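Naming: A, B, ... by sequence-line order, numbering from 1 per chain. From a predicted model like this one, the values you see are computed outputs, not experimental measurements.
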Protein chains: 2
Amino acid sequence: MLAIGTLAKRTGTKVQTIRYYEQIGLMPEPGRTEGGQRRYDAAALDRLAFIRHARQLGFSLEAIRELLDLSDTPDRSCAEVDAIAQKQLREVEARLVRLEALRVELQRMIGACTVDRVADCRILEVLRDHEECLADHGTGA
Amino acid sequence: MLAIGTLAKRTGTKVQTIRYYEQIGLMPEPGRTEGGQRRYDAAALDRLAFIRHARQLGFSLEAIRELLDLSDTPDRSCAEVDAIAQKQLREVEARLVRLEALRVELQRMIGACTVDRVADCRILEVLRDHEECLADHGTGA
DNA sequence: CGAAACCCTACAGTCGCTGTAGATTGAGAG
DNA sequence: CTCTCAATCTACAGCGACTGTAGGGTTTCG
């Protein structure tokens, strides 16, 4: 049985984050020692590793909750799991497109700045005048 | 003189966001009507447009605060402005690299799933076993 | 047995907004 | 000039996904 700190180290999670996951019902309430400290078993370790890995892949806690629910019903079709992953992929791709546009714009902006005084700074000018902007950056990078 | 709603429309900002910027000292306190409603001038419009544009380029409010401070002292060197923009560019590039790795991993994961039952779902398996993972995804996509 | 390292709860703070409730004001129509 | 109704006001709570803090209690090891 693992103490929370050990579990944290094994999964690369902060102790508070584990307690937070428990609080929002993503991790089940573990057993306790007589003194009231949490003790975790291998199932908890697996579940937390799953959560952390999915988080690193950019899944929201809500999506992860769904994935965990789905994986608890092994006879169901895989299609729902696939749909969640596809959605995640599409979101990542959309973010990539936007970020790339930002990169281009930032580079263009920086490249234009050859003067020395803030008064003539091209960077500030570009930021002032959206019109000069090439990129079609919407909101939410 | 513009009412807050007009300013909001002109800059593509929500009314509450403008009040929030005022609250955190990013926008100066505007004049008021007798009844207490905010009225904005052209300078406020410019400043807000600058803020929104910088936000769209991914600058944090803190970075924007610095940029605004710098642009208020037109005789200073442009180097500090450049440094902020360079830092922003580096951050965007780092995010791009990470996101691209995520995209590859997600695609690989989805591609691997050809079965029908959740019990054999490759997606869930990949999420369970970090070892199978090709991408070196750290934290913070 | 004592010290150090760990763990507990409860709550506030982060970032950048967004939404709500309930009251007041302003601008155009009649 | 009054009515109406959209727009505005303040104050505060909530989002996601944690992180940090205060002020204690517990475990483990020498």
Side-chain angles (χ1 to χ4, degrees), chain A residues 1-27 29-40 44 48 50-68 88 91 95 98 102 137-141, chain B residues 1-27 29-40 44 48 50-68 88 91 95 98 102 137-141:
Chain A
M1 296 297 251
L2 310 169
I4 197 169
T6 316
L7 186 66
K9 243 167 243 161
R10 294 258 185 104
T11 55
T13 314
K14 301 225 163 175
V15 166
Q16 294 104 304
T17 305
I18 298 174
R19 289 199 279 250
Y20 169 71
Y21 287 164
E22 180 184 329
Q23 193 186 304
I24 62 168
L26 208 57
M27 287 292 288
E29 288 185 25
R32 301 266 184 157
T33 63
E34 291 204 355
Q37 300 197 355
R38 293 169 179 82
R39 286 300 119 103
Y40 295 91
L48 184 55
F50 182 100
I51 293 170
R52 293 310 290 176
H53 195 188
R55 283 295 296 141
Q56 285 170 341
L57 286 168
F59 289 89
S60 71
L61 293 184
E62 259 324 290
I64 293 170
R65 201 189 293 273
E66 280 183 68
L67 288 170
L68 284 166
Q88 181 60 24
E91 274 166 25
R95 264 192 285 164
R98 294 237 335 96
L102 293 193
H137 37 247
T139 15
Chain B
M1 297 294 254
L2 310 169
I4 197 169
T6 316
L7 187 65
K9 243 167 242 161
R10 293 258 185 103
T11 56
T13 315
K14 300 225 167 177
V15 166
Q16 294 105 304
T17 304
I18 298 175
R19 290 198 279 249
Y20 169 70
Y21 288 163
E22 180 184 329
Q23 194 185 304
I24 62 169
L26 208 57
M27 288 291 288
E29 288 186 25
R32 301 265 185 160
T33 62
E34 291 205 354
Q37 301 197 354
R38 293 168 178 81
R39 285 302 119 100
Y40 295 90
L48 183 55
F50 182 101
I51 294 170
R52 293 311 289 175
H53 194 188
R55 284 294 297 141
Q56 285 169 342
L57 285 168
F59 289 88
S60 71
L61 293 183
E62 258 325 288
I64 293 170
R65 202 189 293 273
E66 281 183 66
L67 288 171
L68 284 166
Q88 181 60 22
E91 274 165 25
R95 265 194 285 165
R98 295 237 335 95
L102 293 194
H137 38 244
T139 16

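Nearest heavy-atom pair across Leu102(B) and Gly58(A) is CD1-N, 4.4 Å. The two residues Gln88(B) and Leu57(B) have their closest heavy-atom pair at NE2-O, 3.4 Å.
Side chains of Met1(B) and Thr33(B) form no contact here, defined as non-hydrogen atoms less than 4.5 Å apart. Annotation: side chain of Ile64(A) is in contact with side chain of Arg55(A) (closest heavy-atom distance under 4.5 Å). Here the side chains of Leu26(B) and Tyr20(B) are not in contact, with every heavy-atom distance at 4.5 Å or above.
Partners of Glu22(A) under the side-chain hydrogen bond (donor to acceptor under 3.5 Å, both in side chains) rule, at least two apart in sequence or in another chain, are Arg38(A). Looking at residues two or more places apart in sequence or on another chain, you find a salt bridge (Lys or Arg N to Asp or Glu O under 4.0 Å) between Glu91(A) and Lys87(A). Applying the salt bridge (Lys or Arg N to Asp or Glu O under 4.0 Å) test to Glu62(B) and every residue at least two apart in sequence or in another chain returns Arg65(B). Applying the side-chain hydrogen bond (donor to acceptor under 3.5 Å, both in side chains) criterion to Glu66(A), with sequence neighbours excluded, gives no partner residue. Listed by chain and residue number, nothing satisfies the side-chain hydrogen bond (donor to acceptor under 3.5 Å, both in side chains) test with Arg19(B) (two or more places apart in sequence, or in another chain). Under the rule for a side-chain hydrogen bond (donor to acceptor under 3.5 Å, both in side chains), the partners of Tyr21(A) that lie at least two apart in sequence or sit in another chain are Arg52(A).
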Side chains of residues 3-17 of chain B: which donor-acceptor partners sit under 3.5 Å, not counting sequence neighbours?
residue	atom	partner	partner atom	Å
Thr11(B)	OG1	Leu7(B)	O	2.8
Thr11(B)	OG1	Ala8(B)	O	3.4
Thr11(B)	OG1	Thr13(B)	OG1	2.7
Thr13(B)	OG1	Thr11(B)	O	3.4

| task | Begin from the C-alpha positions of Arg39(B) and Leu2(B) and carry the test side-chain contact (heavy atoms from CB on, under 4.5 Å) through to its verdict. | result | CA-CA 5 Å; Arg39(B) 285 302 119 100; Leu2(B) 310 169; over 6 Å; no
| message | What verdict does the side-chain contact (heavy atoms from CB on, under 4.5 Å) test give for Tyr40(A) and Ile18(A), after you've listed the backbone C-alpha separation in whole Å, the side-chain angles of each residue and the deciding distance to 0.1 Å? | response | CA-CA 11 Å; Tyr40(A) 295 91; Ile18(A) 298 174; 3.5 Å; yes
| message | side-chain contact (heavy atoms from CB on, under 4.5 Å) for Leu67(A) and Phe50(A)? Distances and angles first, verdict last. | response | CA-CA 10 Å; Leu67(A) 288 170; Phe50(A) 182 100; 4.1 Å; yes
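Using a 4.0 Å cut-off on heavy atoms, the residues of residues 2-10 of chain A that approach DNA chain C are Ala3(A), Ile4(A), Gly5(A), listed by number.
Put simply, chain A comes within 4.0 Å of DNA chain C, heavy atom to any atom, from dC7(C) to dT9(C), going 5' to 3'.
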Nucleotide N/O to protein N/O under 3.5 Å, stretch nucleotides 26-30 of chain D:
residue	atom	partner	partner atom	Å
dT27(D)	OP1	Thr33(A)	OG1	2.8
dT27(D)	OP1	Gly35(A)	N	3.0

Look for any protein N or O under 3.5 Å of an N or O in nucleotides 20-22 of chain D and output each such pair with its distance, or none.
residue	atom	partner	partner atom	Å
dG20(D)	OP2	Lys14(A)	NZ	3.4
dG20(D)	N7	Gln16(A)	NE2	3.1

Polar pairs (N or O, both sides) under 3.5 Å between protein and nucleotides 13-16 of chain D?
none

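Ranked by how close their nearest DNA chain C nucleotide is to the 5' end, Tyr40(A) and Gln23(A) are led by Tyr40(A).
OP1 or OP2 of dC9(D) has at least one side-chain nitrogen or oxygen of Arg38(B) nearer than 4.0 Å.
Residue Phe59(A) is out of contact with every strand shown, counting any heavy-atom pair closer than 4.0 Å.
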